[in-house]
Amino acid sequence: MAMFSPWWAQRTGRERVLVSLMLVLLAALLFWLLLVRPLAAARATAQADAAAASTRLAQGQGLAAAIKARPAANPAAVIDVLNRGLADAGLQPARLEAQGPGQASLDIAAINGRLLIGWATALEQNDGLVIEQLEATRNPDQSVRARLLVRSAQ
């Protein structure tokens with residue numbers, strides 16, 4: 001301040017007013033550039049993010065409502081589809097039982113391995129079932145014993 005004071009004293013009144021006005025305008029410009037603009041940009045970004053999050057929330061709530069409104073899987077329907085598929089393929093199950101809503105367990109004592117894979121693929125592609133587990137063990141006569149856990153795709 002000691003160096004500034006003699007310089008300020010040498011200025012005329014008009015120059016002092018102009019320098020003061022320039023400093024006020026410089027302070028206002030710095031305030032605008034360093035504080036107001038970044039905060040306004042941050043606010044606009046936050047509003048856009050909030051709008052996007054609100055849209056995603058509404059979509060999620062809609063999906064949740066659709067899932068809740070979907071009827072529970074009927075275990076008998078899975079067994080009926082499996083029985084129909086077994087009959088169409090000419091297979092006899094060793095065991096077929098419901099394992100829960102929309103699930104069934106199936107044992108086939110003897111089946112050709114290629115036929116098993118084709119039949120299981122047809123269940124998934126044509127009948128709307130999902131093979132959760134498939135275990136196959138070789139029998140002495142080159143057929144396989146198959147155990148499947150099947151569920152409804154819904």
Side-chain angles (χ1 to χ4, degrees), residues 1 3-4 18-154:
M1 276 314 258
M3 292 176 51
F4 181 69
L18 286 174
V19 169
S20 297
L21 182 60
M22 180 190 68
L23 290 175
V24 167
L25 289 175
L26 180 63
L29 178 65
L30 289 175
F31 176 76
W32 174 258
L33 290 176
L34 298 176
L35 190 64
V36 174
R37 270 183 68 188
L39 289 176
R43 181 178 183 200
T45 301
Q47 286 176 333
D49 290 347
S54 176
T55 302
R56 286 191 308 270
L57 175 64
Q59 289 172 344
Q61 289 173 336
L63 289 173
I67 289 170
K68 286 180 182 178
R70 184 173 52 189
N74 183 358
V78 173
I79 290 178
D80 291 342
V81 171
L82 284 173
N83 277 326
R84 187 174 57 247
L86 288 165
D88 290 347
L91 299 172
Q92 184 63 34
R95 182 178 63 89
L96 176 59
E97 59 187 35
Q99 293 294 312
Q103 284 191 331
S105 176
L106 169 67
D107 283 356
I108 300 173
I111 185 173
N112 179 294
R114 289 184 182 172
L115 178 63
L116 171 66
I117 299 300
W119 181 74
T121 302
L123 283 178
E124 289 190 337
Q125 291 176 351
N126 302 333
D127 297 322
L129 298 179
V130 176
I131 308 297
E132 288 284 324
Q133 292 179 345
L134 185 138
E135 295 178 26
T137 55
R138 187 175 293 219
N139 291 330
D141 64 351
Q142 301 302 317
S143 66
V144 294
R145 176 176 184 81
R147 290 188 178 143
L148 293 92
L149 180 62
V150 182
R151 71 169 172 82
S152 173
Q154 298 176 356

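Numbers here are sequence positions counted from 1.
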Handout entry: Shortest non-hydrogen separation from Ile79 to Ala98 and the atoms involved
Key = CD1-N, 3.6 Å
Problem - Donor-acceptor contact present, side-chain Ser54 to main-chain Ala50, <3.5 Å - result: no
Problem - Pairwise distance CG(Asn83) to CG(Asp88) - rounded to 0.5 angstrom - result: 10.5 Å
Fill in the blank from the handout: Here the salt bridge (charged side-chain N to carboxylate O under 4.0 Å, His left out) pairs for residues 122-135, sequence neighbours left out, are Glu132-Arg151
Report, one line per pair, each donor and acceptor closer than 3.5 Å where one atom sits in a side chain of residues 141-148; sequence neighbours left out.
from: Asp141; atom 1: OD1; to: Ser143; atom 2: N; distance (Å): 3.2
from: Asp141; atom 1: OD1; to: Ser143; atom 2: OG; distance (Å): 2.6
from: Gln142; atom 1: OE1; to: Arg138; atom 2: NH1; distance (Å): 3.0
from: Ser143; atom 1: OG; to: Asn139; atom 2: ND2; distance (Å): 3.0

Handout entry: Note, Val150 side chain near Val81 side chain (heavy atom, < 4.5 Å)
Key = no
Practice task
Kindly write out the residues that satisfy side-chain contact (heavy atoms from CB on, under 4.5 Å) with Leu25, not counting sequence neighbours, or none if the list is empty.
Solution key: Leu21
Problem - All salt bridge (charged side-chain N to carboxylate O under 4.0 Å, His left out) counterparts of Arg95, not counting sequence neighbours - result: Glu97, Asp107
Practice task
Identify the two heavy atoms, one from Gln99 and one from Leu149, that lie closest to each other, and give their separation to 0.1 Å.
Solution key: CG-CD1, 3.9 Å
Exercise for the section: Might you point out which heavy atoms bring Ala104 and Leu96 nearest each other, and give the distance in Å? Expected result: CB-CD1, 4.4 Å
Completion exercise
Distance col, row Leu129:CG vs Gln103:CD, nearest 0.5 angstrom, shows 11.5 Å
Fill in the blank from the handout: Residue pairs meeting salt bridge (charged side-chain N to carboxylate O under 4.0 Å, His left out), one or both in residues 34-51, sequence neighbours left out, come to none
Under 3.5 Å donor-acceptor pairs involving side-chain atoms of residues 111-121, not counting sequence neighbours:
from: Asn112; atom 1: OD1; to: Arg114; atom 2: N; distance (Å): 2.8
from: Asn112; atom 1: OD1; to: Leu115; atom 2: N; distance (Å): 3.4
from: Trp119; atom 1: NE1; to: Gly85; atom 2: O; distance (Å): 3.1
from: Thr121; atom 1: OG1; to: Ile117; atom 2: O; distance (Å): 2.8

Fill in the blank from the handout: Rounding to 0.5 Å, atoms OG1 (Thr55) and CD (Gln59) come to a distance of 6.5 Å
